[in-house]
Amino acid sequence: MEKDKPWALLSEEGVKQAFLEKLADIMEPHFQIITSREFLQNPLLHGPKIQAMFVWSCCPAAEHLLLNLLPSLKVVANGGAGIDHLDVPFITSRGVKVTNTPGVVSDATADIAMGLLLASARRIVEGHQIAVDAKTTYLAQNLMGVDVTGSTLGIIGMGQIGYKIAKRSRGFDMKILYHNRNRRSIEDEQAVEATFCESLGDLLRRADFVMLAVNLTPNTTGLIGHRELSLMKPTATLVNISRGLLVDQDALVKALQSGMIRAAALDVTHPEPLPRDHPLLGLPNVLITPHVGMNTCATVRGIVQKMVENALAAVNGLPIPNEVKFE
């Protein structure tokens, strides 16, 4: 019965209406969905009904003021693996569960990582712009890129996504280095022919491509700054598919302008989008995509399905498949 379904809050700010409609068949059989706009029309009436909050693209923001209006809330179900935008200690202190969707995004994110690496190395976007430019009448052969095959890839963060990137890079006969908080098993290393670098500096000095695939935490914020960039080869490329705050963007601008490194390919920045006058947007050796790492139809549906499963378990007091616990 419709009236028996638990209520869930979903923000139309993070989810376009057309997207909502496509995913309705996953959510609506299990939840009575109320959008942020509808909720704000009468928060005192609707607030006590809501037991689940679906967070997509950081919306709705699970802030103290909003949570105070949701006395029956049992779960904040995040779409995606990263939960750095959630105040997990505060949320859980209210007896509310926090969940995410690890694993579902890994393949799509690893794909975009290799796409950015290849596009930057072979200057694909610049080539496209030349090919379609109305002023182009002659295709000069001076658009030179760098080799991917046989090069050295340094992966910082060898979790699910990092390991899948390593698997893909083997198809290009790349030499794989990795730096991780914990070393992978010998079997894992042998499967992708990866070499562990205990020192981040060692990886940075040796890699032709440096790939950031690490979670954003207080310890990793600003992980790549002037010192780290200065250790990289002048022919090296930085690829970031994790979070913008991992990189000191002012230091990155200077490194790219001075030739300290060759290029950067970024699916993430801080903030998103960057201000339209930000210097990164005007550099010819930067490739930026708008945080689309998980944006495939199949992946998005898988994420929403996992969000629903997590939320249902929390609402019904059952074991939660992907609960995030504050450590």
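Here the structure is a predicted model, which means the values were calculated and not measured. Residues: numbered from 1 along the sequence shown.
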Does some side-chain heavy atom of Val146 sit less than 4.5 Å from a side-chain heavy atom of Arg122? no
For Asn215, does the CG atom sit with more than 12 other heavy atoms under 6.0 Å from it, leaving out its own atoms? no
Show your working on side-chain contact (heavy atoms from CB on, under 4.5 Å) between Ile112 and Val292 and close with a plain yes or no. CA-CA 8 Å; Ile112 200 74; Val292 293; 4.2 Å; yes
With the side chain counted from C-beta on, respond yes when Leu9 and Ser36 share a heavy-atom pair under 4.5 Å apart, and no when they do not. yes
If two hydrophobic side chains count as joined below 4.5 Å and joins carry through other members, does Ile176 share a cluster with Val214? no
Would you say the side-chain atoms of Glu126 pair up with the backbone N or O of Arg123, donor to acceptor, closer than 3.5 Å? no
Taking the six-membered ring for Trp, are the ring centroids of Tyr178 and Tyr163 within less than 6.0 Å of each other? no
Non-hydrogen atoms of Glu228 and Leu200 that approach each other most closely: CG-CD2, 4.3 Å
Over 12 foreign heavy atoms within 6.0 Å of CG, Leu65: no
State, with a plain yes or no, whether a side-chain heavy atom of Thr99 is found less than 4.5 Å away from one of Met307. no
Would you call Arg184 and Glu189 a salt bridge, taking side-chain N to carboxylate O under 4.0 Å as the test? no
For Asp250, is there any backbone N or O sitting under 3.5 Å from a side-chain donor or acceptor partner on Asp248? yes
Minimum-distance pair of heavy atoms, taken over all atoms of Val98 and Leu86: CG1-CD1, 3.9 Å
Would you find a donor on one side and an acceptor on the other, under 3.5 Å apart, between the side chain of Thr92 and the backbone of Pro89? yes
Whether Glu28 and Lys5 form a salt bridge (side-chain N of Lys/Arg under 4.0 Å from carboxylate O of Asp/Glu) is what I want to check. no
Is there a donor-acceptor contact under 3.5 Å linking the side chains of His85 and Asn78? yes
Could you tell me if Arg262 and Thr237 have a donor-acceptor pair between their side chains, going purely by distance under 3.5 Å? yes
Near Lys74 NZ, under 6.0 Å, is it more than 12 heavy atoms from other residues, nucleotides or ligands? yes
Ionic contact status for Arg168 with Asp107, cut-off 4.0 Å: yes
Identify whether Ile165 and Val105 are in the same connected component of the hydrophobic contact network (ILVMFWY, side-chain heavy atoms under 4.5 Å). yes
Could you give me the CA-CA distance, side-chain angles and deciding distance for His64 and Asp87, then say whether side-chain contact (heavy atoms from CB on, under 4.5 Å) is met? CA-CA 9 Å; His64 297 204; Asp87 187 347; 3.7 Å; yes
Show the nearest heavy-atom pair for residues Ala213 and Ser242, with the distance to one decimal. CA-OG, 3.1 Å
For a quick test of reading the model, state the closest non-hydrogen atom pair linking Ala314 to Ile320 and the distance between them. CB-CD1, 3.7 Å
Are more than 12 heavy atoms, taken from residues, nucleotides or ligands other than Leu139, located less than 6.0 Å from that residue's CG atom? no
salt_bridge(Asp25, Arg301) N-O dist < 4.0 Å: yes
So Leu231 and Leu229, do their side chains get closer than 4.5 Å, heavy atoms only? no
I'd like to know if the side chain of Thr101 reaches the main chain of Gly79, judged simply by a donor and an acceptor atom lying under 3.5 Å from each other, with no hydrogens or angles considered. no
Between Arg206 and Leu204, is there a donor-acceptor pair closer than 3.5 Å when you use the side chain of the first and the backbone of the second? no
Are any non-hydrogen side-chain atoms of Val286 and Val253 less than 4.5 angstrom apart? no
Could you tell me which non-hydrogen atom of Asn100 sits nearest to which non-hydrogen atom of Ile83, and how far apart they are? CB-CG2, 4.0 Å
Look at the side-chain heavy atoms of Ile, Leu, Val, Met, Phe, Trp and Tyr, link any pair under 4.5 Å apart, and say whether Met114 and Val210 land in one connected group. no
Would you say the side-chain atoms of Gln190 pair up with the backbone N or O of Glu187, donor to acceptor, closer than 3.5 Å? no
If hydrophobic clusters are built by linking Ile, Leu, Val, Met, Phe, Trp and Tyr wherever their side-chain heavy atoms come under 4.5 Å apart, do Val125 and Phe209 end up in the same one? yes
Under a 3.5 Å distance rule, please check whether Asp133 uses its side chain to pair with a backbone N or O of Lys135 as donor and acceptor. yes
Val315 and Val304: same hydrophobic cluster, using ILVMFWY side-chain contacts below 4.5 Å? yes
Compare all side-chain heavy atoms of Met53 with those of Leu67 and state whether any distance is below 4.5 angstrom. yes
Would you say Val96 and Val76 make side-chain contact, with heavy atoms under 4.5 Å? yes
N/O donor-acceptor pair under 3.5 Å between Ser199 side chain and Asp202 backbone: yes
Would you say that Met174 contacts Leu117 through its side chain, given a criterion of any heavy-atom pair below 4.5 Å between the two side chains? yes
Does the side chain of Asp267 pick up a donor-acceptor pair with the side chain of Thr289 at under 3.5 Å? yes
Counting N and O atoms only, with roles assigned by atom type, does the side chain of Asn180 sit under 3.5 Å from a partner on the main chain of Met158, one being a donor and the other an acceptor? yes
Between Arg94 and Asn68, do the side chains contain an N or O donor and an N or O acceptor separated by less than 3.5 Å? yes
With no hydrogens and no angle check, is any side-chain donor or acceptor of Ser230 less than 3.5 Å from a backbone partner on Arg227? yes
What is the minimum heavy-atom distance between Leu281 and Pro275, and which atoms define it? CD1-O, 3.3 Å
